[in-house]
Colleague: 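Take a look at this one; I'll ask things after.
Residue numbers begin at 1 in each chain, while the letters A, B, ... track the order of the sequences.
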Amino acid sequence: MIALLDCNNFYASCERIFRPDLISKPVIVLSNNDGCVIARSNEVKKMGINMGIPLYKIEKIVRQYQINLFSSNFSLYGDISNRIMEIIKNDISNVEIYSIDEAFIDFSQFANYKFHATSLMHKIYKWTGIPTSIGVAQNKTLSKIANFFAKQNNSNFFHIDNSELKFYLSKMNISDVWGIGRQYSKFLHNNHIYNAYDLSKQDDKWILDHFSVNGLKTVHELRGIKCIDIVTEPSVRKNIRISRSFSEETTDYFKLQQVISTFASKASEKLRKQNSLCSSIHVFIKTNKFKTFHENYYYSDKSYFDSPTNDNSLIIKKSLEILNKIFIPGNSYKQAGIVLGNFVSIDQFQIGLFDNLKQKNRRYKLMKTFDEINNTFGSDSIKLGSEELNNQWRVNKTKLSPSYTTKWNDILTVNI
DNA sequence: TCTGGGGTCCTAGGACCC
DNA sequence: TCTGGGGTCCTAGGACCC
């Protein structure tokens with residue numbers, strides 16, 4: 001038996017931890033630059049405000065119902081998430097942290113699912129203030145569905161037995177099934193398949209012809225067969241991507257150089273954290289796609305390193321070379337990003353024929369010290385000269401809450 | 001009139017997830 | 001005026017090999 005634990009309206013709930021006055025009031029969390037809605041409290045969901053809608057389209061309703069808006073505060077959400085996952089892992093060993101607010105938990109050792117689920121949710125709420133719900137079923141896909149019903153019934157817990165599959169799957173819209181996205185839904189609708197039960201009855205060959213093997217796994221799981229395992233070991237990233245939209249468009253090459261340098265530096269820091277070296281780097285800049293009707297708005301190129309690296313300055317240097325190639329003067333850019341790829345583990349690194357080992361070791365030590373300083377004294381304590389000193393023009397977060405749990409300066413003061 | 005068979009590797013693009 | 005960010009996996013097709 002597999003349980004899916006899901007934090008209810010996670011980002012909105014995080015904002016409420018230190019603002020209990022907002023409990024049962026409408027709360028929205030916005031994307032970077034306060035652009036789109038990325039999390040909604042139940043009150044907001046009931047108003048019919050959809051996920052991903054741009055803020056400017058709902059301004060009237062926001063004013064009318066006095067919805068509380070927040071800029072996204074990922075250091076807060078990440079920290080709360082870590083605490084929740086620790087609580088779960090303390091109790092149960094076989095856990096897959098699936099996303100910032102979800103975990104698959106092996107429940108097969110338990111006889112009384114409801115008892116264990118309820119006590120876990122109770123503990124999480126007591127220790128962190130985050131409300132959660134748990135769905136239990138035969139496999140991952142079905143536990144997602146059970147969780148869906150837990151939320152729908154406001155019961156926080158739901159168990160689906162294999163004998164009840166027909167009943168519940170028939171009530172499950174095809175587009176709400178895990179693994180069925182917009183394109184697949186459209187295709188299935190065109191073929192008169194509307195709910196999860198319909199899908200589970202389809203012929204294997206037909207599924208394989210129109211979907212990938214993952215589609216077939218989903219269908220088998222709907223039939224109650226276990227196909228997708230719990231992955232308890234956190235996997236090493238295969239790509240590291242950093243990109244941002246800007247609050248103001250820019251034509252300034254120098255500004256873009258600073259932005260790309262900063263992204264390259266941050267990405268290489270992540271790379272070092274997971275003990276990897278990258279062999280390729282991909283840089284892109286975009287003009288405003290909502291304003292560009294005639295031509296291409298996406299400019300990018302990819303380049304390879306002679307020898308895999310996680311050296312800040314090499315990665316920055318290469319990224320700026322690419323920027324120089326793709327930059328077109330006169331264009332007004334709205335977004336930029338970099339992706340590091342083709343990783344090798346630092347332990348399995350093959351020394352190149354022309355590598356200067358002594359130099360490499362010195363750089364390695366330098367990077368280590370660089371990271372140690374930033375870890376000890378806070379990120380951005382030191383950075384390379386080509387990076388931005390401040391990025392105030394770049395990202396707009398006017399409604400940012402304090403980082404209550406991760407910054408000394410933001411810690412809560414209690415007056416007695 | 002007419003051009004084999006069997007394989008690997010890489011990449012771009014498309015699907016999905018949160 | 002104002003539209004996010006960061007991932008994974010699979011497949012088709014091209015290039016190349018013998």
Side-chain angles (χ1 to χ4, degrees), chain A residues 4-7 9-11 28-40 49-60 62 69-74 77-78 81 96-104 140-141 144 147 174-188 207-218 228 231 234-249 263 266-267 270-271 274 279-280 282 284 286-292 297-298 300-302 304 332 334-343 394-399:
Chain A
L4 174 72
L5 178 137
D6 187 307
C7 300
N9 318 321
F10 184 55
Y11 299 165
I28 280 180
V29 177
L30 300 164
S31 64
N32 260 338
N33 290 317
D34 300 338
C36 296
V37 172
I38 57 167
R40 306 154 295 158
I49 293 177
N50 286 334
M51 189 77 164
I53 193 166
L55 177 60
Y56 74 90
K57 285 191 179 168
I58 52 164
E59 264 172 355
K60 205 173 144 194
V62 166
L69 300 176
F70 286 93
S71 304
S72 39
N73 183 349
F74 285 106
Y77 313 149
S81 170
E96 172 179 346
I97 299 171
Y98 177 63
S99 74
I100 193 163
D101 69 335
E102 280 172 85
F104 288 107
K140 281 178 156 183
T141 306
K144 278 267 194 186
N147 194 287
I174 197 74
S175 57
D176 292 326
V177 173
W178 187 46
I180 307 295
R182 207 181 300 165
Q183 298 304 318
Y184 286 169
S185 292
K186 210 165 125 187
F187 174 80
L188 289 168
I207 295 292
L208 213 44
D209 282 348
H210 296 97
F211 303 84
S212 71
V213 296
N214 287 332
L216 189 61
K217 281 186 184 171
T218 298
I228 310 168
V231 185
S235 58
V236 179
R237 303 248 165 282
K238 294 173 181 169
N239 285 295
I240 291 172
R241 173 188 174 116
I242 296 188
S243 70
R244 290 285 181 283
S245 295
F246 311 142
S247 58
E248 303 166 21
E249 291 177 21
F263 291 175
K266 291 266 178 286
K270 287 189 180 183
L271 189 63
Q274 68 162 33
S279 312
S280 73
H282 172 196
F284 60 88
K286 292 183 189 179
T287 58
N288 192 336
K289 67 177 170 186
F290 297 104
K291 283 189 189 163
T292 316
Y297 63 89
Y298 180 80
S300 79
D301 201 8
K302 194 174 177 179
Y304 292 85
S332 199
K334 177 67 179 164
Q335 200 192 99
I338 85 159
V339 188
L340 304 181
N342 300 80
F343 296 167
R394 195 153 60 71
V395 218
N396 201 4
K397 288 199 173 194
T398 54
K399 299 161 182 77

Colleague: side-chain contact (heavy atoms from CB on, under 4.5 Å) for A/Trp178 and A/Leu4? Distances and angles first, verdict last.
Modeller: CA-CA 12 Å; A/Trp178 187 46; A/Leu4 174 72; over 6 Å; no
Colleague: Would you name the heavy atoms of A/Val236 and A/Gln274 that are closest together and state the gap between them?
Modeller: CG1-NE2, 3.4 Å
Colleague: Here's a test of your reading of the structure: between A/Glu249 and A/Phe211, which maps to the more 5' nucleotide of DNA chain C?
Modeller: A/Glu249
Colleague: I need the CD-C1' distance between A/Gln274 and C/dG7, as an integer number of Å.
Modeller: 12 Å
Colleague: C/dC18 and B/dT3: how far apart are their P atoms, nearest whole angstrom?
Modeller: 24 Å
Colleague: What is the distance, to the nearest angstrom, from the CG atom on A/Asn73 to the C1' atom on C/dG5?
Modeller: 15 Å
Colleague: Has A/Lys217 got a side-chain N or O lying under 4.0 Å from the OP1 or OP2 atom of C/dC9?
Modeller: no
Colleague: Just how far, in rounded Å, is C1' of C/dG6 from CG of A/Asn32?
Modeller: 12 Å
Colleague: Touch check for A/Lys57, heavy atoms < 4.0 angstrom, all strands: base, sugar-phosphate only, or nothing?
Modeller: nothing
Colleague: Taking only the side-chain nitrogens and oxygens of A/Arg244, find out if one of them lies under 4.0 Å from OP1 or OP2 of C/dG6.
Modeller: yes
Colleague: Test of understanding: with side-chain contact (heavy atoms from CB on, under 4.5 Å), list the residues that count as partners of A/Asn396, not counting sequence neighbours.
Modeller: A/Asn33, A/Ser247, A/Thr398
Colleague: Taking CD1 from A/Ile240 and P from C/dG5, how many angstroms apart are they, rounded to a whole number?
Modeller: 18 Å
Colleague: Taking OP1 and OP2 of C/dG5, is either one under 4.0 Å from a side-chain nitrogen or oxygen of A/Gln335?
Modeller: yes
Colleague: Ignoring backbone atoms, establish whether A/Asn239 has a side-chain N or O less than 4.0 Å from OP1 or OP2 of C/dG7.
Modeller: no
Colleague: Start with the C-alpha gap between A/Arg241 and A/Phe284, add the side-chain angles, then the distance that decides, and say whether side-chain contact (heavy atoms from CB on, under 4.5 Å) holds.
Modeller: CA-CA 11 Å; A/Arg241 173 188 174 116; A/Phe284 60 88; 3.6 Å; yes
Colleague: Mind checking A/Ile53 for me? I need base, sugar-phosphate or nothing, with any heavy atom below 4.0 Å counting as a touch.
Modeller: nothing
Colleague: Begin from the C-alpha positions of A/Asn342 and A/Ser279 and carry the test side chain to side chain donor-acceptor pair (under 3.5 Å) through to its verdict.
Modeller: CA-CA 5 Å; A/Asn342 300 80; A/Ser279 312; 6.0 Å; no
Colleague: Is there a side-chain contact (heavy atoms from CB on, under 4.5 Å) between A/Asn288 and A/Ser332 once you walk through the steps?
Modeller: CA-CA 8 Å; A/Asn288 192 336; A/Ser332 199; over 6 Å; no
Colleague: Could you tell me how far apart A/Met51 (CE) and C/dT3 (C1') are, to the nearest whole angstrom?
Modeller: 14 Å
Colleague: What residues, two or more places apart in sequence or in another chain, satisfy ring pair (Phe, Tyr, Trp, His ring centres under 6.0 Å) together with A/Phe74?
Modeller: A/Tyr11, A/Tyr77
Colleague: Can you name the nearest heavy-atom pair linking A/Tyr184 to A/Ser212, along with the distance?
Modeller: OH-N, 4.1 Å
Colleague: Closest-nucleotide mapping onto DNA chain C: is A/Leu208 or A/Ser243 further toward the 5' terminus? I mean the 5' end.
Modeller: A/Ser243
Colleague: By the 4.0 Å heavy-atom rule, please label A/Val213 as base, sugar-phosphate, or nothing.
Modeller: sugar-phosphate
Colleague: Quickly work out the A/Phe246 CZ to C/dC2 P distance and round it to whole Å.
Modeller: 15 Å
Colleague: Quick one, give me the B/S/- string for nucleotides 10-18 of chain B, reading 5' to 3', where B means a protein heavy atom under 4.0 Å from the base and S means that only happens at the primed atoms, P, OP1 or OP2.
Modeller: -S---SSSS
Colleague: Can you tell me how far P of C/dG4 sits from CZ of A/Arg40, to the nearest Å?
Modeller: 16 Å
Colleague: Rounded to whole angstrom units, what separation is found between the CD atom of A/Glu59 and the P atom of C/dT3?
Modeller: 12 Å
Colleague: Using purine N1 to pyrimidine N3 plus N6-O4 or O6-N4 for Watson-Crick, or N1-O2 and O6-N3 for G-U wobble, both under 3.5 Å, which nucleotide pairs with B/dC9?
Modeller: C/dG14
Colleague: When you get a sec, tell me which of C/dG6, C/dT3, C/dC9 is the closest nucleotide to the side chain of A/Asn214?
Modeller: C/dC9
